[in-house]
Amino acid sequence: MAHAEAHADEHHYTATGIDNKKLAIWTFIGSECMFFASLIGVYLTYKGRDVSGPKPHAEWLDKAGVLQEQMLEIPLVTFGTALLLFSSFFVVLALNGAQRGNRKQLIGWLVATIFCGVFFVGMQVYEFSHFAHRGMGYTTNLFASTFYTLTGFHGTHVTLGLLWLISVLVVALRGKLPPEKALNLEMAALYWHFVDVVWIVIFPVVYLIR
Amino acid sequence: MATDALHAEHSHPGWQTYLKVAVVLFALTALEVWAYEIVHRHQPAALASLLEPVVVEVLLILSAFKFALVAMFYMHLKMDGKLLTAIFSFSLLLAAVIVVALMVVMHYLWSHAPTVNPLK
Amino acid sequence: MATTAIDHAPAHTHEHTGLWSWITTVDHKRIGILYGATAFFFFLVGGLEALVIRLQLMGPNKTLVSPDTYNQLFTMHGTTMIFLGVMPLSAMFFNYLIPLQLGARDVAFPRLNAFSYWVFLLGGILINVSWFTGHAPNGGWFGYANLTTKQFSPGPNIDFWTVGLQVLGVASLAAAVNFFVTTVNLRAPGMKMMHMPMFVWMSFITQILLLLSFPIITVALILLMIDRTFGTSFFVPTGGGDPILWQHLFWLFGHPEVYILILPSFGIISEILPVFSRKPLFGYAAMVFSGAFIAFVGFGVWAHHMFATGMGPFADAFFSLATMIIAIPTGVKIFNWIGTIWGGKVDFKTPMLFAIGFIAMFIMGGLSGVMHASPPADLQQTDTYFIVAHFHYVLFGGAIFAISGGAYFWWPKMFGKMLDEGLGKLHFWLMLIAFNLTFFPMHILGLNGMPRRVYTYSAESNFELLNKLETIGALLLGFSFLVFLYNIIKTWRTPQPPVGADPWNAATLEWSIPSPPQHFNYPTLPQVHGRDALWELKARHGGPLPEPQRVAEDAVLMPNPSWKPLVAAIGVTVTLGGFIGGSHLWVHVAGVAILLYGIYAWAFEPAFPEHH
Amino acid sequence: MPDPAHRRPPSRVPALMLAAVVALLAACAPDQYPQTTLLPRADFAKASDDIFRTTLLWATIVFVLVETALLVAIWKFRNRPGAAEPVQTHGNTTLEIVWTIIPAFILAMIAVPTVRTIFQTAQKPGPEALQVEVIGHQWWWEFRYPQLGITTAGELIVPMGRTVSLEMTTKDVLHSFWLPQFAGKRDVFPNRYNNLWFKAEVTGNFPAQCVEFCGIQHGRMAYRIISKAPEEFDAWAANFNQPPRDFSADSTAPALVKTGQQLFTMKGCIGCHSLYPALPLTGPNLHHIGSRTWIAAGTLENTDENLAKWIQDPQGWKEGVLMPNLGLTDQETQALVAYLRAQQ
Ligand code: HEA
Ligand code: HEA
Ligand code: CUA
Ligand SMILES: [Cu+2]
């Protein structure tokens, strides 16, 4: 019985052929679906039940009795959405580079991805502070609370994804992401895409449907 | 046992495919925003009155398309194991059911339970 | 499958003993034992709380504890038993058994496994620390808003609960991902899904339930915490929120949760019955599918906890019918278990007694469940002791009986020693009788109008006699656990000849390796050809297998021990703990810093020893 | 085994079991329990009870059959010396289909009447019903009769033989209103009205209590349901509508009562308690408190001693209750009791 050679293989043995880490990240994503479903469910359930303004898609009277524009600003978020979609595209290319051992492709696109992500978070920070400026605090009304909570938790996920991607970038920069370790980027990328698809749902549900 | 990287190189699509997907994604997003604008500004009027009754469905279908594209191509579900697709689809299905169920039970309640004193 | 014997004395390496080795362990068996010991301790704490409850209710208008203390007691009793007792006791079996029964060396992510345990332990401590500050949670185990909002519960009591449960949720989710992947991926070569032992199947379904239901309560808890901390109105009516949304979110999780509590027990029973009936499990495929069906339909019945809320007739009817349907697959299980015994050769060893007790008692609880499932009848039963009777019959009569049986069954595998059979039988009979004495009268009390969660009752109500009986029963029940404890200590102390690998002539792979198993479980991964892998082997061999020999401890490369998971666990707990009694920025910051350090140190530390 | 623990059960267990069985049998009779749900005395409760009995019947049948099967199995197939190895069966499809279908059939027997009753009890009674607004407070219940202009607390008084329609809500947290002998429970929610109805078939004074956990004194949030013959009910309503008696100018009134009336204002009782039925304040309305059968949210019989005990030390009886201890001396208490007693 040749133990030694058996082990080398046994450490990577999986019954399905799918790598453990990849399966794990997908399982986690499945669980996250329920997390966002609950938040979106709460948002939609409470949609339109505010006692007073601000309103997402209609004019509203503020405390002073002044008529205010609708809260949500579609052009800004459309730009943010585009950024996120771009980043998903970029990270796929980065992964492609990593798998083929093309360091330039890997690093270049990864940096681009991170840029887009940072700008998206920046967009959200700007949006939130702008809303706050316009008189929509966290507790102002149900719309405000549900909106900030849903998009805020999404933003937190984006931030975590960024942290992860940046960590992978650092590893890559130090030349420690050879093709056989591309899975480390693939996991981050999968999570990143997931964050992106959640936004694909949030964008119409929150911003476009009145 | 195939190492994943090798496996991936053979079956994962090239960057042309990724680019095509990206283009479609942007087009669909543009469509979404356009649909929103039509209804929002009520212009052009003909299109708006056509779109208005179904705009929610249209938006949801468009975003479902986008969702599917990212999942299938960028997340490689189209090429990776069926098991992963099963995990994701099952979760999504249940997630959708939960969202709808929450809305239905709460709105059904609000539709029949009086909020002001029915004796007054 | 043969563990080719290499004649080595068990090579003890220093890293295998001492406190530090337990703190840094990533061995699923040790983590399982840690889970078991911790959960059993918490179970005793929850039991002690129950005893105080029972003493307070022994007679009308008693003043043993103050009303608020009483409310803290039953809240903590329910919370402790469910989240710190039964769930982690099941986790003990997941940890110890899933890899063994699959023929694997460990779980897929050993360090993540350690992380789960530490988060669980710290979450349990966090929530119980509230006793020492005098602010134990007092809103009931389902924490109904708007009683639990800041206006009506201004103290930190509820914060301990929202935060504690979130921390525990992290532990459960991490463990669930781990066991899900382990089950799918680490099955021994040749073991198809439909070859897996029933315990692994039921545990697998439990992991899916955990993955899909815990996020829901996490969201609910977060929203409640935000309401309390930042003044939003998710569940505050004056701000437009609706407290009933809390109930939907809670029970959307809460009902799947009860199947999270019972499915592992179904699995344990399904392992014990065949071994002591000397006959394979009856209707394996039906058992698998009924388990999956219970879990799946279990997501669509949550509002049967809310029949009294006035949901409207259509919702009432829907949830009533959905609930009743669950009786069918559960019935299939019961009948298949009886079918397993039928025609067998029943050996009344202690584990078997508990398994039979489980079936007998669970039927009772299940049937009262079906009686609640009819809303017109439930309007009379809900929030009375009839409900308390129902859920103790399924939780204690179900889960605790099965877990006790499992403990006797796998004890020799875990520790290489048999628990005393005589004491085990005494434990069983005492528990069976005391259990019924404690909880059967609750049916009568409930139907005769005794509400639950009342710290006392009037003399006029005439509830005294039955309550006295219940209290006596509870004390006896406590005594039965003392017998168990004594059995453990006695077994520990008394020298015993080694039990060997397969003392019960059992069916599954874990009995093919020495007791207790070596760190790597299997020197070579076993090759599996069908169900009941070990029975099949023995049949092929034409009798008992030769006793497996221990091989050198370093024969197989195993992962490094690590203390990083503990650091990350501390980080999680501190970060969330900052929400107790308001949001404390510096605590969050410290927590996040610890967490980040833990995660990075973990990520960049080699999982395996440097090359051989 | 020389284990002393081993000896114990044979002597102790049967005795205990016997005691338990006897006690249980004796304790089973529902008529001993004033709050029982097993002796329904109104249409709604009877509908619940019908379903309950149907489910209980089926549950008992299933219980007996399945437990018997289990016992037979373990007895018949117990390991006897020299028994042969069992036949290794793996299942039986026919059997499995049968034991899927039979439970489904039994469930249908429960489900059909269930659904019928759900819809039947969901119907609201017409305007001829006596309407009562039920309002939950931490930790007492308020009852308003808009058709009669009456507000009272702690005692729901209804006429026998006439449908009563309850519109229920809460001023603070969730509670649940329950009339064990007459109807099931309904939770109450802020900003929402829930309905429950019943037609009492007997007269009498029945205890009941709040059944949704509502804070520290949930355990002592009780009330009485008093069903009166129609004439008595009308008389009560007519009498109740009299304004409270003013003793300050009444020379026939005992001095104690007069002092009590002054103290009622001086001690601040008036800040929370109204003596006029239509004036809602934070505490229960004390109109006609003198003729109530129970006080302190249905937890104390309305005797002079209990009244005194309550107003002097409400926190002693109901810790955390929203009525403060006002530091009344014994004399003041006696005066207040006399005054309240005179509110008939
Ligand atoms: C292990 C935990 C567990 C399990 C397995 C169950 C199982 C079931 N439960 Fe239980 N339940 C709880 C734990 C559990 N429950 C808890 C903790 C609460 C209270 C929460 C709280 O308020 O604090 C609760 C409350 C609860 C309620 C709410 C009552 C109320 O508050 O008003 C209801 C209502 O429908 C219910 C129903 C059921 C049903 C139908 C099943 C079914 O799954 C049972 C199925 C089993 C059988 C039916 C027996 C075997 C079957 C046969 C022998 C076949 C033949 C049978 C028939 C034809 C009927 N349960
Ligand atoms: C798995 C779950 C579980 C288990 C095992 C138990 C076990 C017990 N429960 Fe529990 N119970 C719940 C889950 C559980 N319970 C839940 C969810 C609620 C609802 C809470 C709510 O309403 O919010 C509840 C509520 C509840 C009530 C109702 C309270 C109320 O509504 O006012 C009562 C009353 O009698 C009770 C009693 C008991 C008793 C006597 C036991 C006994 O079986 C306990 C037996 C164990 C022991 C007695 C321990 C032995 C200890 C020693 C021997 C001492 C050694 C000590 C040390 C070394 C530390 N329980
Ligand atoms: Cu009010 Cu309980
Ligand atoms: Cu349930």
Side-chain angles (χ1 to χ4, degrees), chain C residues 66-68 140 144 146-147 152 237 278-280 282-283 286 308-310 313 316-317 320-321 324 327-328 331-332 335 338 341-347 356 359-360 363 367 371 374-377 379-380 382-383 422 426 429 433 437 444 447-449 451 453-456 461-462 465-466 469, chain D residues 1 3 5-6 9 13 20 23 27-28 30 32-33 35-38 47-48 51-52 55 59 63 66-67 69-70 73-74 77-79 83 86 88 90-91 96 99-100 103-104 107 111 114-115 117-119 121-122 173-174 176 180 184-187 190-191 194 209 211 213 215-216 219 319:
Chain C
S66 74
D68 192 45
Y144 274 3
N146 57 340
L147 177 65
F152 298 104
R278 310 243 51 78
K279 213 170 135 274
F282 198 83
T309 62
D316 279 358
S320 167
L321 297 183
M324 288 181 191
I328 298 172
V332 166
F335 299 132
I338 298 178
I341 299 174
W342 199 274
K345 200 167 87 175
V346 181
D347 216 346
I356 295 167
I359 304 178
I363 294 173
L367 290 172
M371 298 177 71
S374 180
L379 289 185
Q380 287 288 22
T382 188
D383 271 317
L426 177 67
W429 286 110
I433 291 162
L437 187 60
I444 304 170
L447 292 172
N448 284 319
R453 298 176 161 181
V454 292
Y455 67 87
T456 191
S461 65
N462 199 19
L465 175 64
L466 290 178
L469 282 181
Chain D
M1 247 172 275
D3 182 354
H6 223 96
V13 170
C28 270
Q32 299 175 15
Y33 298 92
Q35 205 160 293
T36 185
T37 67
L38 296 174
S48 287
I51 299 285
F52 168 71
T55 54
F63 182 78
V66 183
E67 298 283 357
L70 176 66
I74 59 173
F77 299 102
R78 70 191 183 280
N79 187 8
Q88 303 290 299
H90 289 269
E96 295 192 37
W99 64 46
T100 309
L107 289 169
T114 292
V115 174
T117 312
I118 290 175
F119 281 90
T121 50
V173 302
L174 276 53
S176 190
K185 308 176 183 80
R186 247 337 154 224
D187 298 353
N191 298 349
N194 259 340
Q209 63 191 107
V211 272
F213 181 62
I216 181 167
E319 185 189 324

- Message: Quick check on C:Phe152 against chain D: is it the side chain, the backbone, both or neither that has a heavy atom closer than 4.5 Å?
- Response: side chain

- Message: Within the structure provided, determine whether C:Asp347 and D:Asn79 are in side-chain contact (heavy-atom separation under 4.5 Å).
- Response: yes

- Query: Tell me, side chain or backbone of D:Thr100 under 4.5 Å from chain C's heavy atoms, or both, or neither?
  - Reply: both

- Do any N or O atoms from the side chain of D:Thr37 and from the backbone of C:Leu447 form a donor-acceptor pair under 3.5 angstrom? yes

- Query: Does a side-chain heavy-atom distance below 4.5 Å link C:Asn448 with D:Leu38?
  - Reply: yes

- Contacting moiety of C:Thr382, where chain D heavy atoms sit under 4.5 Å: both

- Message: Heavy-atom cut-off 4.5 Å, strictly under: side chain, backbone, both or neither for C:Phe282 against chain D?
- Response: both

- Message: I'd like to verify something: which residue of D:Phe119, D:Phe213, D:Phe63, D:Phe77 has the highest number of heavy-atom pairs under 4.5 Å with chain C?
- Response: D:Phe77

- Output for pair (D:Lys185 NZ, C:Gln380 CD), nearest 0.5 Å, gives 6.0 Å

- Given the options C:Ala308, C:Ala377, C:Pro237, which has more heavy-atom pairs under 4.5 Å with chain D than any of the others? C:Ala308

- Message: Heavy-atom cut-off 4.5 Å, strictly under: side chain, backbone, both or neither for D:Gln88 against chain C?
- Response: both

- With a 4.5 angstrom heavy-atom cut-off, could you sort out which part of D:Val115 is near chain C: side chain, backbone, both or neither? side chain

- Query: Heavy atoms, side chains only, cut-off 4.5 Å: are D:Val66 and C:Leu367 in contact?
  - Reply: no

- Message: Can you tell me which portion of D:Ala73 sits under 4.5 Å from chain C's heavy atoms? Options are side chain, backbone, both or neither.
- Response: both

- Message: Tell me which of these, D:Ser176, D:Ala104, D:Pro103, has more heavy-atom pairs under 4.5 Å with chain C than the rest.
- Response: D:Ala104

